[in-house]
Peer 1: 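Dropping a structure here in structure tokens format, bear with me for questions.
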Amino acid sequence: MSKKFVYLFKEGNATMRELLGGKGANLAEMTAIGLPVPQGFTVTTEACTQYYEDGRKINDEIKAEILENITKMEEITGKKFGDKENPLLVSVRSGARASMPGMMDTILNLGLNEEVVETMAAMSGNARWAYDCYRRFIQMYSDVVMEVGKKYFEELIDKMKEEKGVTQDVELTAEDLKVLAEQFKAEYKNKIGKDFPTDPVEQLMGAVEAVFRSWDNPRANVYRRDNDIPYSWGTAVNVQMMAFGNMGDDCGTGVAFTRDPATGDKGLMGEFLTNAQGEDVVAGVRTPMPIAEMANKFPEAFAEFKKVCAILEDHYRDMQDMEFTVEHGKLFMLQTRHGKRTAKAALKIACDLVDEGMIDKKQAVAMIDPRNLDTLLHPQFDAKALKAAAPAGRGLGASPGAACGKVVFTAEDAEAWNARGEKVVLVRLETSPEDITGMKASQGILTVRGGMTSHAAVVARGMGKCCVSGCGEIKMDEENKKFELAGKTYTEGDFISIDGSTGRIYDGIIPTVDAEISGNFGTIMGWADKYRRLKVRTNADTPSDAKKARELGAEGIGLCRTEHMFFGEGRIDAFREMI
Ligand code: ADP
Ligand code: MG
């Protein structure tokens, strides 16, 4: 028997992460424990490796296995791929072993063409939904598979909105969306020189290949380097039946954490949008509602969601980060993973889980990513200076810590200014994964759009970098590198201070001070001391360094570099004289 390259969700489980990727393994696990997951299958990471070994080609054996599994999916769902009356539409989603939020590509509503969409519109009596799916599919497919830039399509959407005098995508009618879909296809033909593919199988193979290819894209490579993820792992591809959050006001989509990823406080934290598809929430296109409001919009789905959250936490024994969709009031789970969190939240969650009897102390210590603790040593604003300062505006406290620096407007500028020793704060309408190196080069990030789960927020938290997101009060003019806030115009190089814990934004410079170590940090370090076998000594050359190191728990001096002692003011001259 040759190697198996494709697994139905019901054939897998959480331990198969290496083969199925994190997303696929957890979709399988959620299926296994009886949670409502739209069914599908995972093409393995080994298929990705094979794709690269075969010179970037999906070989016939793998193609045949994918098609066999489409047939199995048709049996499970009772729908048919490419069928007019009862079409099976799928999402094609990347999923590596380690989570790489937003680094690779996803395509939704695959399987649509002119004929299918028309029948779907007529039979459902919901033409708006049908054409909304269609235009999204054309846009994502063009972008991800054929690399026609997203922006061409966004420009067409913006033009349409302007013509119709509306500001939100949801205000566009079925007819508007139908026209848009036509414009999109024309744009595709214009850029690619061929008609948009109508054969669902061709669409599917194109999409699977694009996900494999995305493993090697520049932003994925940068993310991998930063997070020590080996290139050789490859990504899996998940093909999953669509759940529709865009069928009307009794539908929606959202993302949520079982505990607050910034503070660690117990309780649901998240955001959702009605009449929307997944990407809308994370892309920051519309500003989402807090999850608590879901209780009013979809009481039943919300009650079920709360149950699912409890089951998942109990099952995984850790804080979960989930994606879900509500279709006509019914809940569907689309993803779960251990949630990324700030160092502060990591410590609180670990301590709370011990208190709740979910894990033991040893597990609590092992749960803490040591690299992450470093963020606890990040600066906060000087309390006195802060008292005297009045905020100029407020966004969402998306990633804690305080930052002060000169305003720059592009990731490139952030890098360039940083390289010449300037401290900068990157101010953007919203960040996209391409901005990642610029974000790294900044003291902090400020965005006009996007919520707590926008990519800016997620990536900043991962980096331990201060971020304020979704400050809608800012009137942005990215083109001319300026913005307006509280009646003042800021241009490149002006000083600004932001607080990623409170979301407050201040004009000018506010001095920062080092953070203190106490509370949960002390508790966890105490447990760590109990189990550790290594001793920790410090690398210190001055009395003040040595004192600081003692405060932080060092047990002695490991390395003392005499030349640093000689550099001291009042010593260097004497030393030179001696030589
Ligand atoms: P990422 O890894 O960037 O989060 P995902 O594969 O999770 O990408 O997909 C992006 C968005 O599309 C998610 O918000 C998810 O909720 C939505 N989505 C993916 N598959 C489906 C599906 N089968 N039905 C409905 N929404 C989906
Ligand atoms: Mg996701």
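All ligand and atom numbering here is 1-based and tracks the order in the structure.
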Peer 1: Compare G95, S91, G245 and give the one whose heavy atom is closest to atom 22 (C) of ligand 1.
Peer 2: S91
Peer 1: Are any of the N or O atoms of T253 closer than 3.5 Å to those of ligand 1?
Peer 2: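 No, there is no polar N/O contact under 3.5 Å.
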Peer 1: Please verify whether a non-hydrogen atom of Q240 lies at under 4.0 Å from ligand 1.
Peer 2: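 Per 4.0 Å heavy-atom rule, Q240 contacts ligand 1.
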Peer 1: Give a yes or no on whether the ring-centroid distance for F272 and F298 is below 6.0 angstrom.
Peer 2: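 Ring centres of F298 and F272 closer than 6.0 Å.
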Peer 1: Over 60° means perpendicular and under 30° means parallel, so tell me whether F212 and Y51 are parallel, tilted or perpendicular.
Peer 2: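 Aromatic pair F212/Y51 classed tilted.
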Peer 1: So is M100 close enough to ligand 1, meaning a heavy atom under 4.0 angstrom away?
Peer 2: no
Peer 1: Please find out if less than 6.0 Å separates the ring center of F324 from that of F332.
Peer 2: no
Peer 1: What about H455: any of its N or O atoms under 3.5 Å from an N or O on ligand 1?
Peer 2: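 No, there is no polar N/O contact under 3.5 Å.
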Peer 1: Could you name the option among A276, G40, A243, G254 that has the heavy atom nearest to atom 25 (C) of ligand 1?
Peer 2: A243
Peer 1: Between F137 and F196, is the gap from one ring center to the other below 6.0 Å?
Peer 2: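 Ring-ring flag for F137/F196: true, centres closer than 6.0 Å.
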Peer 1: So is S94 polar-close to ligand 1, meaning N/O to N/O under 3.5 Å?
Peer 2: no
Peer 1: For ligand 1 and R337, I'd like to know whether there is a polar contact (N/O to N/O, distance under 3.5 Å).
Peer 2: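 No, since none of the N or O atoms of R337 sits under 3.5 Å from an N or O of ligand 1.
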Peer 1: Should the proximity of V90 to ligand 1, defined as any heavy atom under 4.0 Å, be assigned to the side chain, the backbone, both, or neither?
Peer 2: neither
Peer 1: Report yes or no: does K57 contribute a side-chain atom to a donor-acceptor pair with the main-chain N or O of N59 at less than 3.5 Å?
Peer 2: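 Side chain of K57 to backbone of N59, a donor-acceptor pair under 3.5 Å: no, none is there.
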Peer 1: Does this structure show an ion pair linking D83 with K79, if we count only N-O contacts that are shorter than 4.0 Å?
Peer 2: no
Peer 1: Considering the options E313, M358, R341, which one meets the side chain to side chain contact (heavy atoms under 4.5 Å, CB included) requirement together with D318?
Peer 2: R341
Peer 1: Strictly below 4.0 Å, N to O, side chains only: are R428 and D435 in salt-bridge contact?
Peer 2: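 Yes, R428 and D435 are salt-bridged.
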Peer 1: Is any NZ, NE, NH1 or NH2 atom of the basic residue among R317 and D314 found under 4.0 Å from an Asp or Glu carboxylate oxygen of the other?
Peer 2: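 Yes, charged N to carboxylate O under 4.0 Å.
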Peer 1: When you draw lines from the Mg ion (ligand 2) to OE1 of Q335 and to OE1 of E323, what angle lies between them, to the nearest 10°?
Peer 2: 80°
Peer 1: Under 4.0 Å from a heavy atom of M242: which atoms of ligand 1 are those, numbered in the order shown and with their elements?
Peer 2: 22 (C), 23 (N), 24 (N), 25 (C), 26 (N)
Peer 1: Which of the numbered atoms in ligand 1 are under 4.0 angstrom from any heavy atom belonging to M241?
Peer 2: 22 (C), 23 (N)
Peer 1: Are any of the N or O atoms of L334 closer than 3.5 Å to those of ligand 1?
Peer 2: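 No, since none of the N or O atoms of L334 sits under 3.5 Å from an N or O of ligand 1.
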Peer 1: Quick test of your reading of the structure: of E327, M322, K23, whose heavy atom lies closest to atom 1 (P) of ligand 1?
Peer 2: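 Selected option, by shortest heavy-atom distance: K23.
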